[in-house]
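Here's the structure, in structure tokens; my notes come after.
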Amino acid sequence: MRRTLIAGNWKMNGSLAANAPLLDGLRAGAAGACELAVCVPAPYLAQVQASLSGSSIAWGAQDVSEHESGAFTGEVSAAMLKDFACRYVIVGHSERRSYHGESDELVARKAVRALDAGLVPVVCVGETLQEREAGSTDAVVIRQLAPVLSEVGARLRDIVIAYEPVWAIGTGKTATPAMAQQVHELIRATLAKTNADAANAVRVLYGGSMKPDNAKELLAMPDIDGGLIGGASLKAADFLAIAAAA
Ligand code: PEP
């Protein structure tokens, strides 16, 4: 009942010239039952919209302002993302939490702002290596989810969650399927305390060095409903191979 979602996070990579063959490759190779999306740097949204319109691939952004509009220099509003027909926006990526000091509460407000505009927020949660080694993975994930759950309320079923252990992002270290499944199960159980039906419907993606050679076993886990893919989303062949493994 949960359609697998394979979403790329290009991060701060790309150029008009480099994006063109990547987008052409994705468009030409997209096939199969799972949903594909790319979350790209904001300046390239027009290019991505032009390239992917009419295809089965969705697109989105990597962050959104908590504010509706106004004097917030450098920020991008949810309405602006809608202007470029975005479907998704990542909120609370660990790089935003750690390099830009984003709090759990701010992430929750961004998720609400995205929902208000008709976007699907991909809410990222996950523990650092230090937190895992201290045995606090579950507590961290529950703490990160708490304000999101209270802020989104009845719209819980309209969000996507990405579990991304920080120690696995861009490091080549992947959580084992069993480790990831354990946290995904915890996330779904936490959602179920608020709304059991929505908990069954919400897609929980895994992110952290997912590649063509480890995607199949991760995606086979019962509570892993897709992937948020960083490095491997920059090569069409790798991204499509991950989707083919779903
Ligand atoms: C990410 O940035 O969300 C991510 C999962 O990156 P990578 O796949 O490169 O670890």
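Just so it is clear, the values below take in all heavy atoms, side chains as well, and ignore hydrogens, waters and symmetry mates. Indexing begins at 1, ligand by ligand and atom by atom, following the structure's order. Each residue takes its place number in the sequence, starting with 1.
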Do Asp116 and Arg155 pass the salt bridge (charged side-chain N to carboxylate O under 4.0 Å, His left out) test, and can you show the C-alpha distance, the side-chain angles, and the key distance before you say yes or no? CA-CA 10 Å; Asp116 287 348; Arg155 293 183 290 178; 2.7 Å; yes

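- Judged purely by distance below 3.5 Å, without hydrogens or angles, the side chains of Tyr163 and Gln144 never pair a donor atom with an acceptor atom.
- For the salt bridge (Lys or Arg N to Asp or Glu O under 4.0 Å) test, residues two or more places apart in sequence or in another chain that qualify with Arg188 are Asp223, Asp225.
- Contact shell of ligand 1 (protein heavy atoms, cutoff 4.0 Å): Asn9, Lys11, His93, Glu164, Ala168, Ile169, Gly170, Gly207, Gly208, Ser209, Leu228, Ile229, Gly230, Gly231.
- The salt bridge (Lys or Arg N to Asp or Glu O under 4.0 Å) check on Glu131 picks up nothing, with sequence neighbours excluded.
- Tested against Val38 for a side-chain contact (heavy atoms from CB on, under 4.5 Å), the candidates Tyr44, Tyr88, Trp10 yield a single pass: Trp10.
- In the hydrophobic clustering, Leu129 connects to Trp167, Met179, either directly or through intervening members, whenever side-chain heavy atoms lie under 4.5 Å apart.
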